[in-house]
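Data first, discussion second: the structure below is written as structure tokens.
In this text the structure is predicted, and so the values were computed from the model without any measurement. Residue indices begin at 1 and follow the sequence shown. What you see below is based on every heavy atom in this structure, not just the backbone, and it leaves out hydrogens, waters and symmetry mates.
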Amino acid sequence: MPRPTTAKLTPEKIAKAALAQIDAGGEVNMLQLAKRLRVSVSSIYHHVPSKEAVLSLVRRQLLTTFKPHIDPAADWETGVLAWIRQSAKMYSSHPHAAQYLAQLPLCEEEAAETYGALFELLRKAGVAAGDAVTLVEVIDAFVIGAAIDASSPASIYDAVSLPEEMRRAGKARPSVYARNTAVIETGAAIFVAGIRAHYGLR
């Protein structure tokens, strides 16, 4: 019998299957992943050495698909806003994945390019290296938190002990998307204003 002309298993196929498994609310379990791919567990290990390596493939897949980037010609404010919006869109599309990827170091070239661009933008604006690293981490934490918020119910203010005005305002938003968009846009604006004020940027 001739061999197939295309490989049955590739890193990209593993990444897509793992992402689908995570999106469905599952964990990255090698046995379940093998069943989803209809291959043996040993076949997966032939391509990746560990669960962490699978998650790294997932992050690479997301970064390749969504391509968050900063225009080199952009001023720092425009660049920070673009980075937050693009990264939030990426993670909000896969909120369960955000929780797993937050536990991994940035070891992929795609991640180095994405996060490095934000760091360089802040340095060019006049922020010291140590402060720029902290700002990248703070912004990233906000983006991941906003992504997790995207998986919560449309109305999260149901406790009767809450102020009635708060409950009404919270329920006035028509959807999870509307609430999550407001969270991202408000947070992004606060970050930009805070960075400008704290570091004296223009």
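How far CZ of Arg85 is from CD1 of Ile184: 10.0 Å, rounded to the nearest 0.5 Å. Once rounded to the nearest 0.5 Å, the distance linking NZ of Lys13 with CD1 of Ile44 reads 13.0 Å. The CD atom of Glu108 lies 9.5 Å from the CG atom of Leu55; values are rounded to the nearest 0.5 Å. To the nearest 0.5 Å, atoms CG (Asp75) and CD1 (Ile70) are separated by 11.0 Å. The distance from the CE atom of Met90 to the OG1 atom of Thr114 is 7.0 Å, given to the nearest 0.5 Å. Rounding to the nearest 0.5 Å places CG of Leu33 at 13.0 Å from CD of Glu27.
With sequence neighbours left out, the side-chain hydrogen bond (donor to acceptor under 3.5 Å, both in side chains) criterion links Ser151 to no other residue. For the side-chain contact (heavy atoms from CB on, under 4.5 Å) test, residues two or more places apart in sequence or in another chain that qualify with Glu165 are Arg168. Under the side-chain hydrogen bond (donor to acceptor under 3.5 Å, both in side chains) criterion, Glu12 pairs with Lys16, not counting sequence neighbours. Every residue two or more places apart in sequence or in another chain that forms a side-chain hydrogen bond (donor to acceptor under 3.5 Å, both in side chains) with Arg196 is listed here: Glu77. The side-chain contact (heavy atoms from CB on, under 4.5 Å) search around Lys35 returns Leu31, Gln32, not counting sequence neighbours. With sequence neighbours excluded, the residues satisfying salt bridge (charged side-chain N to carboxylate O under 4.0 Å, His left out) with Glu110 are Arg60. Residues meeting the side-chain hydrogen bond (donor to acceptor under 3.5 Å, both in side chains) test with Ser92, sequence neighbours left out: Asn180.
Listed by chain and number, the hydrophobic cluster partners of Leu162 are Ile156, Tyr157, Met166, where partners are ILVMFWY side chains within reach of under 4.5 Å, directly or through others.
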Please report the C-alpha distance between Lys171 and Asp158 in whole Å, then the side-chain angles of each, then the deciding distance to 0.1 Å, and finally whether the side-chain contact (heavy atoms from CB on, under 4.5 Å) criterion is met.
CA-CA 9 Å; Lys171 291 182 177 182; Asp158 291 334; 3.2 Å; yes
Evaluation steps, side-chain contact (heavy atoms from CB on, under 4.5 Å), between Gln21 and Asn29:
CA-CA 9 Å; Gln21 187 172 314; Asn29 177 286; 4.1 Å; yes
Verdict with supporting geometry, Ile195 and Leu201, side-chain contact (heavy atoms from CB on, under 4.5 Å)
CA-CA 7 Å; Ile195 291 170; Leu201 305 184; 3.7 Å; yes
side-chain contact (heavy atoms from CB on, under 4.5 Å) for Val54 and Met30? Distances and angles first, verdict last.
CA-CA 9 Å; Val54 172; Met30 291 303 209; 3.6 Å; yes
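Although no hydrogens or angles enter the test, the distance criterion places no donor-acceptor pair under 3.5 Å between the side chain of Lys124 and the main chain of Trp76. A donor-acceptor contact shorter than 3.5 Å links the side chain of Thr134 to the backbone of Gly130. In this structure a side-chain-to-backbone donor-acceptor pair under 3.5 Å is present from Arg179 to Pro153. The closest donor-acceptor contact from the side chain of Ser56 to the backbone of Glu52 lies at 3.5 Å or more, if one exists at all.
Annotation: ring pair (Phe, Tyr, Trp, His ring centres under 6.0 Å) contacts involving residues 24-75, sequence neighbours excluded, are absent. Within the structure, the side chain to side chain donor-acceptor pair (under 3.5 Å) test picks out the following pairs touching residues 94-106 (sequence neighbours left out): Asp23-His94. Note on residues 174-202: pairs passing ring pair (Phe, Tyr, Trp, His ring centres under 6.0 Å), not counting sequence neighbours, are Phe142-Phe191.
In plain terms, the two heavy atoms of Val48 and Ala53 that are nearest each other are CB-CB, 4.0 Å. Nearest approach of Ala128 to Arg123, heavy atoms of both residues: CA-NH1, 3.8 Å. Closest non-hydrogen pair, Ala189 versus Leu81, comes out as N-CD2, 4.4 Å. In plain terms, the two heavy atoms of Cys107 and Arg59 that are nearest each other are N-NH2, 4.2 Å. Closest non-hydrogen pair, Ser40 versus Ala34, comes out as C-CB, 4.0 Å. Minimum interatomic distance between Ala20 and Arg36 (heavy atoms only, all atoms of both residues): CB-NH1, 3.7 Å.
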I'd like a table of donor-acceptor pairs (distance under 3.5 Å, sequence neighbours excluded) in which one partner is a side-chain atom from residues 115-122, with atom names and distances.
from: Tyr115; atom 1: OH; to: Asp140; atom 2: OD1; distance (Å): 2.7

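A continuous path of Ile, Leu, Val, Met, Phe, Trp and Tyr side chains, each step under 4.5 Å between heavy atoms, connects Val136 with Val138, placing both in one hydrophobic cluster.
A 4.5 Å side-chain heavy-atom check between Leu101 and Leu62 finds at least one atom pair inside the cut-off.
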